[in-house]
Amino acid sequence: MSDPVYNPAEIEVQVQQRWQENDAFRAREDAQGEKYYCLSMLPYPSGALHMGHVRNYTIGDVISRYQRMCGRNVLQPMGWDAFGLPAENAAIKNNTAPAAWTYANIDHMREQLKRLGFAYDWSRELATCKPEYYRWEQLMFTRLMEKGLAYRRDAEVNWDPVDQTVLANEQVVDGRGWRSGAPVEKKSITQWFLRITDYAEELLNGLDQLDGWPDAVKTMQRNWIGRSEGAEFGMDVCDAQGNSLAGAYQVNVFTTRPDTAFGMTYAVLAPEHPLVDKIATDTHREAVREFVASARATTELDRLAVDGSLEKRGVFTGAYLMNPFTRKPVPLYIADYVLMGYGTGAIMAVPGQDERDWEFAEVHGLPVVRTVEPPEGWQGKAWTEDGPAINSEWLNGLNMEEAKQQAISWLEEQGIGQRKVNYRLRDWGVSRQRYWGCPIPVIYCPDCGAVPVPEDQLPVVLPEDVTFMGVQSPIKADPEWRQTTCPKCGAAAERETDTFDTFMESSWYYARYCSPGAQSQLDERANYWLPVDQYIGGIEHAILHLMYFRFYHRLLRDAGMVDSDEPATRLLCQGMVIADTYYTESDDGHTHWVNPADVEVERDAKGKPLGAKRRSDGQPVNIGAVEKMSKSKNNGVDPQGLVDRYGADCVRLFSMFASPPDQSLEWSDSGVEGASRFLRRVWAQVMRHTSGGACVALDPARLNAGQKEIRRLLHDTIAKVSDDISRRYTFNTAIAAVMELSNHLAKFDDDSEQGRAVMHEAWLAIVRLLNPITPHICEALWAELGETSALYQAPWPEVDESARVRQQVTVVVQVNGKVRARLELEPGIDQDAAMAVAMENENVQRHVEDKTVRKIIHVPDRLLNIVVG
RNA sequence: GCCGGAGUGGCGGAACUGGUAGACGCGCCGGAUUCAAAAUCCGGUUCUGGCAACAGAGUGUCGGUUCGAGUCCGACCUCCGGCACCA
């Protein structure tokens, strides 16, 4: 390999071959060392890797390879989130089967990942669309049905009236079906749900323990769970005089502000509330019906008012509710600002203390009673903050918290209500009316109802060899697939033709990697590896995926399959990959986006961009914003082309160097060139060193000052890089530190025996420091430096603290806080001695002059600030 | 509207615990090499003034604390992301 010219294509293929032959990255449960499970979110096999994948998986690989070098027993697996809508869209478009399309994509993308040199244990690879994977998910679901954690109820879907099919949210474009262009309707159908709300409290409290998760993600999850404490209480329906009605109904309301109940001036039911039909009086029934119908047909978008808030629409029912606090009736309205899906779908309205109620009261001419005194001089509408209670009889004078507690106690004493906690979080609807997903393992029997498919009849296999006739799911269109017999009574019955939400598969794949081949969902190996020590993925999954997988982990725990409460102890969310955009405008006003690869930027003498032109025809183009790589802005950069041209190491290096992993990464072709230049320089420097032949052993006692200085820089660098990679995760600064060291080595012109020994020590260390980031070139240089072992098995370099002892330190001398000199002094010098040297300095003298020294601040070995006046 | 995050050279970014602002890289300028170009190597590069030594200014804005503030405190501005009638 000792080629004087760095040839990444050749080296990378050779090194990868050696890893494969040695099965270098297979994870074993019985291996030495503490376990370390490093997991990157699995990709959807869309067809080709994009830059976001490269970034995500390089971060994971850097961490994995570092941990391996530190002696940990590392598991780093990879798999495919293989079910999903794009396969169906491609199938309809190209007339192929989703399965064939998916498997072809997986094959291509697997090769791309291998070409990038990620240290995966490929023996654990999985694809979620395979029956041997999803059968366990089906079994789990049937168990959840038995436990009552999976249940059925009606829920709304987007219905395309022309294509006669349910649309996923992403298939609805501006309120119309993506293919038919017909306005989408809401339709209620029966669907399966998982009771994630049973775990709301635990999912919320668990966040407090997740110190290794970004605060942003934890905050988003807290808001999503949306815990609110308050009271729920019943109110009787009555007439305007407060007379109770025969066969009267009761309405339950939830409120977080029971302290304001004396200010209730009306009450509201959601349009979908079950009592809506029953409560309206004869004179109001027609108006109520009309309103409910129109509320169902109108989207939120249609109701956006000019100021961006939603129009407060509603209608009076003719009925009243008795306010138990005041013993006075309040009018009952129907309004669509009250949601059926939260609380009880009914509220007490207190315009004086709630902004929404204020707005509604304003529109409908309802009275306002203030029950909390706003601060003096306050000019707003509803006062929602703390203050002394007023107009509230026995609550008057109390603050918000005291009044709440009093009101709740009163409700409980009276037996009409109680303390209540509500969550925004809704149960997880897992039914999808799509083909390319895991079949929901349920059989519908006319007599026995919904029956879980028994274990010995699992998996319910999705047929893969299908043809799409239009947009219908092939298993919905095929009457034969549906036909079966009831497992309970043996009568003719039908299979469920809906499939699972694909978040179902991605909720437990991390655990299955730990039990490859197990004839159960998981086996005891899962407890060896779990929880995941480091999880890496995009922030776009902050809520859904990361909530579902925390939930599913608890389902696995409660089924006795894992011991831990949380699936992952640390989480890293990488930033977006962004790039410049360029465009031209045609005469008809259309914008045409030009790919950055086609553009050349012209600059002035200082490097400021002046303009840009298209390479192909020299025509000027406009410079747009720096935006997320996307097809629509035509600013995507294909990783494959870069790997072909510069090599995997270079692409990996630039991805890690351009910014810290959690920030957005601005792609730059010249930056990639810079990374490539660095690797070529490293290669050339090592070749120059090895061309001098073998080195003698390093003897620290015999080093001259220059040699000691290089050793000091080296061991400072080892310390910094170790800290950057293990604690700070700032791979960019780790690389910068190595670059700095290599710049010093390039100037270290010392062919003496000990000079070459120092150089040798330095390169052996650098090759290991860079190995997690650019493993191929490092493996080759490791051999070039005479090492016979494989680098992937080499230990992380150790810091020699004795080499870091400085002969001299730079002490900054300030006069009145301004830097006036930098002195090279012996370490440990005291204030008086430092002052003596400082005062000999001409520049310091000039600024001190004959002024009185009022104060001296001395930070040993760093700074001396002379305060004069 | 609410909740997060961020504002530092021409650009990406560094400065980790209040102590040298601009590491490292890109770009740009100058030089070497070359018939020439590419590649490579050397030097310079926050702004203003100065041949220079050096001086002054400077981390979104305004104010504060401190011997000393990019970093801490208060008020504000801008941008990005998330949620959005959740009672």
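Here is the naming used below: chain letters follow the sequence lines, and residue numbers restart at 1 for every chain. For the numbers below, each heavy atom of this structure counts, side chains included, while hydrogens, waters and symmetry mates do not. Owing to the predicted nature of the structure, the values given are computational and were not obtained by experimental measurement.
- Listed pair K818(A) / A57(B) meets the phosphate criterion, a side-chain N or O lying under 4.0 Å from OP1 or OP2.
- At the heavy-atom level, S664(A) lies under 4.0 Å from the strands shown only through sugar-phosphate atoms.
- G343(A) comes within contact range of no nucleotide atom at all, as no heavy-atom separation falls under 4.0 Å.
- At the phosphate of G25(B), OP1 or OP2 sits under 4.0 Å from a side-chain N or O atom of N743(A).
- Counting non-hydrogen atoms under 4.0 angstrom, R424(A) reaches a base of the nucleic acid.
- In this structure, T255(A) contributes its side chain and R257(A) its backbone to a donor-acceptor pair below 3.5 Å.
- Considering only side-chain N and O atoms, R677(A) lies nowhere under 4.0 angstrom from the phosphate OP1 or OP2 of G25(B).
- Both cation-pi conditions hold for K312(A) and Y337(A): the charged atom is under 6.0 angstrom from the six-membered ring centre and inside a 45 degree cone around its axis.
- Here the options are I59(A), I539(A), D662(A), L665(A), the test is side chain to side chain contact (heavy atoms under 4.5 Å, CB included), and the partner is Q574(A); only I59(A) passes.
- At the heavy-atom level, E355(A) lies nowhere under 4.0 Å from the strands shown.
- Of the two residues near RNA chain B, Y423(A) and D215(A), the one whose nearest nucleotide lies more 5' is D215(A).
- The phosphate of C16(B) has neither OP1 nor OP2 within less than 4.0 Å of any side-chain N or O from R727(A).
- Residue R862(A) places no side-chain N or O under 4.0 Å from the OP1 or OP2 atom of G18(B).
- Residue-level contact check: N732(A) touches the backbone only, with heavy atoms under 4.0 Å from sugar-phosphate atoms and none from bases.
- Of the listed residues (L714(A), I718(A), I725(A)), just one forms a side chain to side chain contact (heavy atoms under 4.5 Å, CB included) with L769(A), and that residue is I718(A).
- Of the candidate nucleotides A14(B), C16(B), C85(B), C85(B) has the atom nearest to the side chain of K312(A).
- In a base pair of the Watson-Crick type (N1 to N3 plus N6-O4 or O6-N4) or a G-U wobble (N1-O2 and O6-N3), with each distance short of 3.5 Å, U59(B) is matched with no nucleotide.
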(message) Determine whether E232(A) and T344(A) satisfy the following criterion, side-chain contact (heavy atoms from CB on, under 4.5 Å), listing intermediate values before the conclusion.
(response) CA-CA 8 Å; E232(A) 192 177 307; T344(A) 59; 3.5 Å; yes
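- Within the 3.5 Å criterion, the main-chain N or O of S664(A) finds a donor-acceptor partner in the side chain of S659(A).
- With a cut-off of 3.5 Å on both Watson-Crick or G-U wobble distances, the partner of C54(B) is given as G49(B).
- For U20(B), neither phosphate oxygen OP1 nor OP2 lies less than 4.0 angstrom from any side-chain nitrogen or oxygen of R820(A).
- If you check U20(B), C85(B), G82(B) against the side chain of V819(A), the one that comes closest is U20(B).
- When distances run from any side-chain atom of Y337(A) to the nucleotides C26(B), G43(B), C85(B), the shortest one goes to C85(B).
- For G1(B), the paired base is C83(B) (Watson-Crick or G-U wobble, both distances below 3.5 Å).
- The residue N223(A) sits close only to the backbone: its heavy atoms come under 4.0 Å of sugar-phosphate atoms, none of a base.
- Neither OP1 nor OP2 of C54(B) sits under 4.0 Å from any side-chain N or O of N843(A).
- Residue R222(A) is classed as having no contact, given no heavy-atom separation below 4.0 Å to the nucleic acid.
- When the side-chain nitrogen and oxygen atoms of S668(A) are compared with OP1 and OP2 of C11(B), none of them lie within a distance under 4.0 Å.
- Base pairing annotation: C11(B) forms a Watson-Crick or G-U wobble pair with G25(B), both donor-acceptor distances under 3.5 Å.
- In this entry G30(B) has C42(B) as its Watson-Crick or G-U wobble partner, both defining distances falling under 3.5 Å.
- Glycosidic conformation of G27(B): anti, with the torsion beyond 90° of 0.
- Comparing A23(B), A87(B), A14(B) by their closest approach to the side chain of A736(A) singles out A23(B).
- The side chain of K855(A) approaches C67(B) more closely than any other nucleotide in the set C67(B), G13(B), A87(B).
- A close approach under 4.0 Å does not occur between any side-chain nitrogen or oxygen of H858(A) and OP1 or OP2 of G19(B).
- Contacts of K720(A) with the nucleic acid, taken as non-hydrogen atoms under 4.0 Å apart, include base atoms.
- Using a 4.0 Å heavy-atom distance criterion, V601(A) is classed as making no nucleic acid contact.
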